[in-house]
Each structure stands twice: as C-alpha cells, then as structure tokens.
Amino acid sequence: MTMLKNSLRGVALGALLAVSTVALPSLAAAQSVFTAPERLQEGSVSFASAERGAPVLAGGQVVATGRGFRPGQAVTLLHGQTPLSTGAIVANAEGGFEARLTLPADAAAGNHPIVVVSQEPYNAVLANLKISPNVPLSGESNFRITNSRLTRGLYQTAYSAKRNAVFVTSAVGRPPVRQSELLRLNGDTLAVQARITPAAAPGRTNAAGETSDGGVFAVYGVGVDDAHDTVWVTQSRQNTVAVYRQSDLSLVRQFDPGTVNHARDVVIDETASKAYVSATFQPEIVVFDTNGLAVSKRIKIDSTVRGETFSAASLSYDAQARRLYVASNSTNEIAVINTQTDAVENVFKVAGARGVIGVAHDPVTNRIFAAAQGTDNLVILNGADGSVIADTPVGAGALNVAFEPVARRAYVSNFGAGTITVVDVDGRIVANLPAPPTANHVAADGRGNVYAAVKSGWAGDGDDSIQLIRPRR
C-alpha cells in the first residue's frame, strides 16, 4: 500500500457503491471517544482493479485488500466523511480482508486519499486509491505498425544507424535469472540477425559457506556506440554493466559486480567517448571511458527536496544540446548534466507528478518531457527554469518517453494502459496507439520511427513483441 503524507491535487471522487451485506455501526455506538488507541500494529489497505493487470478506471470494480489488522476487527473506508461500503468490513482470522467496490462512472482521475478507520482498538491511517485516466485510442490510421514476437522478458531497445539494426534486451523473472538474451534485429523488418545468452553470473555464498546458483548476467538497459561498433548493457541484478560487439554479439568487457548500483539505463556520448549509467536508488551517474573501457568518474546529484535522496532512473542524452537528462523516481525531479563538463547544471522539481520515471528532451524548444507512473501523466517543463508548460493525462502507468526529432513528437509508453500516447511539443495528444497488454519502453531511431517493447502481460504465457511505429507520410 502507498501511504500518503498529504493530499494531492483536489479531485472529487463522488459517492462510491459497494458490495456488502451488513449495516455498518455508527462511531458513537462502536466506542466511546478517546479510548485506548492501537499501539501494537497498524493495518494497511491497497486498491487494485478487479480485473488482474488492468488499471483502476472510473465506472470499474475495485478490490480493497487489507492486511495487518486484528482478527475480527471492524474496518471502515472513508472518502472524506463518506463510507465507501454500506456494510461492515471485518478482518478475518489472519487479520486481512477483501472488499469489492464499484466506482461511479463520473469518478475523477487522480490520487484519492482514503481514510482507513479500525475499531477496538481505534486507529486511522491513509491509503491511496489511484483512478487512472481513460484515454481513448485515436490516430492509428496515421501510422504503420509492425509487430514481431521475439521472446519473453523484453525490456529496452536501442538503434544503430551504422548497421540499421535494433539491439534488444530481455530478462525473465527474479534472481537468480536464468533466461536472458541480447538480440540484434534488422531495423526495417525486425528479423532476428543474432542473439546470445549472457555468461553465467557468480553465485552467492551464505553464512554457512554454501554457494547458490547465480543465474546469468541478465541484461536490461541497452545503449549503442557506433563509434566503437559496440553495444552496452546494464545488468541490474549484479549491479554492473557489460560491453558486446555489434557484429557478432561477442563479449568485449564484463565489468565486475558492484560497479554500478542496480544499473538501469545506459546512454552513449560518442563524440566524447563516454558512457553514462544510472545507479538506481543512488544519487549517482557512473561515467565510463568507452575507449579504455573503464570507470572514469562518478557524478553525484543532490536533490532539492529537503531530507530526500535523488534516485537516478531513466536517462536521456541529447547530442545536439550536449546534455544528459536524469529522472529521479524517489523525489520526482529531473537533473540536467552538462556532458562537456559532467557538472550538474539544474535539478528541477516536476510539479504535478508522482513516480517520475521517464525523461526526454527537445533541443529545438529546450523542453523536457517527464513521464510519471504515479499520476499517469506527461509533464512538459521549460528547460531553462523548470516551469510547467503542459500537464497531459496519457494513461495508466506512464513509464517511458522518447522524443522523435523528425516530426518533433514525444511517444509515451503507458505500462498499465497498454497504449503508446503521441503528443506534440505543447502537450496536445495527436494519437493514442494500441500496445496491449503492457507497453514497456520506447526509443526513437532518428529517422522518424519509434521502436516499442511490449510485454505479454500478467499471464506470461506468450512471447513479448517489438513494435516498429512509422508515421504515414
């Protein structure tokens, strides 16, 4: 469950209907005022769509799941002073419950703070009910979309102009990850040209001296270096990176585990022979020398939010602007790094966004595009001062964003909605394309096209696919 420190933007939820059978007692009848409060435990409540893997939408059914309550304890869910259920919610023998609720059709999208009140003993906490915007599909006839099913666990793509090839990473499951591939595809047909499974990773040794299976050096993020005919990958599970040859995908350099904390994204500045890697959960970008294949420096990013730590996540390198843009999913900020000096120039707070995770930039307008999972929106910032130019609802779980420089549009992959939203530089939606069931990552090729990695969903019973999205001219 996500606990709220304070309310978000004012949004009216309206009355909620519920499936329940027992009348809820009034507070006055339930207990006297100021009896002994709960001291030993605080229950928590989370909300999810009744349809597994689907977003919570207005008019849909929601399942409220409670944990950590006392067996038999009565629980009330309130939006303001309005109960969400018409009957008692009682914790079972394990201290949990499930309640099915139906949202009204006119429920406003946004994050709604729900008061969770438990009785005997009394306690109250806040839970977050996020209702996602339902953005209709549009503009599909203006694009040619090619799909190619490849393998499970697709994560990212990166395009090589030198080879007209797309490099794709995949990894399946949690550690020890045993299924992972790096693939090279034809940039026009998406035909597989080469594929390899990374080498075995070292196992972990416990206190008793027993070594467990380490799986493989699974690959997640990917960046192309055409100047050296190499491709860089991040290996989040081993906290490191590796370098492969583009020609045959043979390994050039495997860096030691622990080199980059939970390495996520990697981008290449070919002019300066640098690779930049984000250290997730750390306020750090690790810089590599692509000539010597060695760590050259570490850039620390200080958050502007008092008491909080910047967590480097998605990266976007703009070669024209000579700037690196870094999203912080912990503090909802975007950092701007001058890649000529490797100095942090600005750290902008992304107003109106929660769970900022994706970032891109337009060098013509100096506008920064920030995708936010927690608020399902794309926020466009002025790159000079960080002021908000546009705030566009795009769909559930806005995860990644890529700026396509030919038509000068931003493409947003909405993981929960299973769509890719295309917006202009002013934040107006020009298309909302299907990418079901879960759109994971988008990357532009510089020729006017975009590649999207689309996962097969919660069932995991089919291969993931790559979409090649080409505008009709």
Side-chain angles (χ1 to χ4, degrees), residues 1-20 22-50 55-56 60-104 107-132 305-309 329-332 353-355 372-376 396:
M1 182 200 74
T2 301
M3 297 298 180
L4 300 185
K5 295 182 179 178
N6 43 51
S7 297
L8 294 180
R9 295 169 289 180
V11 282
L13 176 63
L16 281 171
L17 305 177
V19 176
S20 188
V22 184
L24 196 69
S26 67
L27 288 178
Q31 65 178 39
S32 300
V33 177
F34 295 116
T35 57
E38 178 69 82
R39 298 179 63 185
L40 298 179
Q41 61 190 36
E42 291 185 351
S44 65
V45 175
S46 59
F47 298 92
S49 172
V56 174
Q61 286 197 327
V62 180
V63 175
T65 303
R67 298 181 180 84
F69 295 92
R70 294 174 183 262
Q73 195 170 31
V75 179
T76 308
L77 306 179
L78 299 168
H79 181 265
Q81 296 180 342
T82 304
L84 305 191
S85 66
T86 58
I89 300 174
V90 179
N92 59 27
E94 288 74 40
F97 67 81
E98 281 193 358
R100 190 174 292 261
L101 314 169
T102 301
L103 297 174
N111 287 272
H112 298 268
I114 303 301
V115 182
V116 181
V117 178
S118 52
Q119 308 290 353
E120 296 180 354
Y122 167 78
N123 194 41
V125 294
L126 287 178
N128 182 44
L129 170 59
K130 186 182 79 165
I131 302 176
S132 294
V305 182
R306 185 173 182 179
E308 299 294 336
T309 301
N329 58 342
S330 63
T331 60
N332 303 312
R354 176 189 296 179
Q373 278 188 297
T375 39
D376 305 325

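- Of the possible donor and acceptor atoms, one in the side chain of Q73 sits under 3.5 Å from a partner among the backbone N and O of Q119.
- Closest approach of G355 to N332, counting heavy atoms only: N-OD1, 2.8 Å.
- Results of the side-chain contact (heavy atoms from CB on, under 4.5 Å) test with S118 over V45, N123, T76 single out N123 as the only residue that passes.
- Of all heavy-atom pairs between H79 and H112, the closest is NE2-ND1, 3.9 Å.
- Minimum interatomic distance between S44 and F69 (heavy atoms only, all atoms of both residues): O-CE1, 3.6 Å.
- In this structure, T65 OG1 and E98 CD are separated by 4.5 Å, a value rounded to the nearest 0.5 Å.
- Tested against L77 for a side-chain contact (heavy atoms from CB on, under 4.5 Å), the candidates T82, I89, V115 yield a single pass: I89.
- Closest approach of T375 and R354 over heavy atoms only: OG1-N, 3.0 Å.
- Checked by atom type and distance alone, the side chain of N128 never pairs as donor or acceptor with a backbone atom of P113 at under 3.5 Å.
- Annotation: side chain of F47 is not in contact with side chain of V56 (no heavy-atom distance under 4.5 Å).
- For the pair A396 and S132, the tightest heavy-atom approach, listed with the atom from each and the gap, is CB-OG, 3.4 Å.
- For the residue pair V116 and A127, the shortest heavy atom distance occurs at CG2-CB, 4.0 Å.
- How far CD1 of I131 is from CG of D376: 11.0 Å, rounded to the nearest 0.5 Å.
- A distance of 7.0 Å separates CG of L84 from CG of L78, quoted to the nearest 0.5 Å.
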